[in-house]
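Below, chain A is the first sequence line, B the second, and so on; all start at residue 1. Heavy-atom basis, side chains included; hydrogens, waters and symmetry copies ignored.
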There are 2 protein chains.
Amino acid sequence: MEGLPLRGDLFDPDCPTRVVLDRIGDKWTVLVVSALSTGTLRFTELRARVGGVAPKVLTQTLRALERDGILIRTIYAQVPPRVEYQLTDLGRSLAQPIAAIQDWAEGHVGAVLAARNSYDSSVA
Amino acid sequence: MEGLPLRGDLFDPDCPTRVVLDRIGDKWTVLVVSALSTGTLRFTELRARVGGVAPKVLTQTLRALERDGILIRTIYAQVPPRVEYQLTDLGRSLAQPIAAIQDWAEGHVGAVLAARNSYDSSVA
DNA sequence: GTCATCAGTAACCGCTGGTTACCGTCATCA
DNA sequence: TGATGACGGTAACCAGCGGTTACTGATGAC
């Protein structure tokens, strides 16, 4: 019955930890953070790097991540405009577990797709 | 399929790795896998454990995870019905990176919420 | 008779993720 | 003097899906 828990309980729907999970649970977040983990990128570079993302969605994702202190958005008063995105320390700390997820995903695609095929053919 | 690595490229939108990411990128998946990582659970137990999940959504999540070979669904011909869910080896391997995410989320709620407040008050 | 248990479905609905189109500004090129 | 293109986005629009509240069916307990 602590007042304000330093560590949240993910299983409590009212715990703010959930909102953090919602951030992470966005597929674009994973890709963006992963892309930025190697260094600063501009909007268009991110767009190219993260294949298939629509500009609006990328903007939303970046704004949300900026709001959450995961990355910093730097605007240079130039024409054409120049906007750079880079991870904060917080963002870099997030990049590690995200890399683990990414690693798992890339490493187990085969197994998952196999399970999926097997499941689909058995249910049919 | 064989045990060949078959590493995908997450940044390619046409790579099947993306579908795996979509699975993981579901917030309920994280919670369900995490809940099951400590042992077998029944539907109602899962529902109670994962606070705030609607039955339909839980069913969808569980079916998807079953299809992907992350967990196994065992039905006992009883009345009232008894259905148990447990992680497969694949699921247990996923539980590790997921635990890392969960850990990060629980450990950095404060920082994220602080960043959020700061952002919101500066933008206004 | 009727209540509760369990594991879900049925029907509905609003939001939001996603799409394409378009914007202003300035340098460059014909 | 247009015309064009780069850049970093917004505007308007829409389908789908996540989420909600009912409701089901079989059985044992009361």
Rounded distance (Å) that lies between atom [atom2] of [N] and atom [atom1] of [X]:
X	N	atom1	atom2	value
A:D22	C:dC15	CG	P	17 Å
A:I75	D:dG9	CD1	P	7 Å
A:R63	D:dG8	CZ	C1'	9 Å
B:K27	D:dC17	NZ	P	17 Å
B:E84	C:dC6	CD	P	13 Å
A:L46	D:dG8	CG	P	10 Å
B:Y76	C:dA7	OH	P	12 Å
A:Y85	D:dG8	OH	C1'	8 Å

Could you work out which one of [options] sits closest to the side chain of [X]?
X	options	answer
B:T44	C:dA7, D:dG19, D:dT27	C:dA7
A:R73	C:dT9, D:dA6, D:dG9	D:dG9
B:P81	D:dG25, D:dG18, D:dT10	D:dG25

Q: Measure the CD1-CD distance between B:I101 and B:E106 for me, rounded to the nearest 0.5 Å.
A: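 Atom-to-atom, B:I101:CD1 and B:E106:CD are 12.0 Å apart.
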Q | Spacing of CZ belonging to B:R67 relative to CG belonging to B:L62, to within rounding of 0.5 Å | A |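 Interatomic distance, B:R67 CZ to B:L62 CG, rounded to 0.5 Å: 14.5 Å.
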**Q.** Within one Ile-Leu-Val-Met-Phe-Trp-Tyr cluster: B:V79 and B:I75, side-chain cutoff 4.5 Å
**A.**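 No; tracing contacts between hydrophobic side chains, which count when under 4.5 Å, never links both residues.
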Q.
Below the 4.0 Å mark, does D:dC23 have OP1 or OP2 next to a side-chain nitrogen or oxygen of B:K56?
A.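 So the side-chain polar atoms of B:K56 never come under 4.0 Å of the phosphate oxygens OP1 or OP2 of D:dC23.
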(Q) Check this one for me: any side-chain N or O of A:R47 less than 4.0 Å away from OP1 or OP2 of D:dG8? (A)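 So the side-chain polar atoms of A:R47 never come under 4.0 Å of the phosphate oxygens OP1 or OP2 of D:dG8.
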Q. For C:dT2, what is the paired nucleotide under Watson-Crick or G-U wobble rules, both distances under 3.5 Å?
A.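 Pairing partner: D:dA29.
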Q) Would you say the side-chain atoms of A:R73 pair up with the backbone N or O of A:R63, donor to acceptor, closer than 3.5 Å? A)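 Looks like no, no N/O pair under 3.5 Å.
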Q) When you measure from the side chain of B:T59 to the backbone N and O of B:P55, does any donor-acceptor pair fall under 3.5 Å? A)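 Such a contact is found between B:T59 side chain and B:P55 backbone.
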Q) Given that B:R82 and A:W28 both sit by DNA chain C, which one's nearest nucleotide is further toward the 5' end? A)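 Going by which nucleotide is closer to the 5' end, it is B:R82.
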Q | Position toward the 5' end of DNA chain D (nearest nucleotide), B:Q60 or B:P55 | A |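 With B:Q60 and B:P55 compared, the 5'-side residue is B:Q60.
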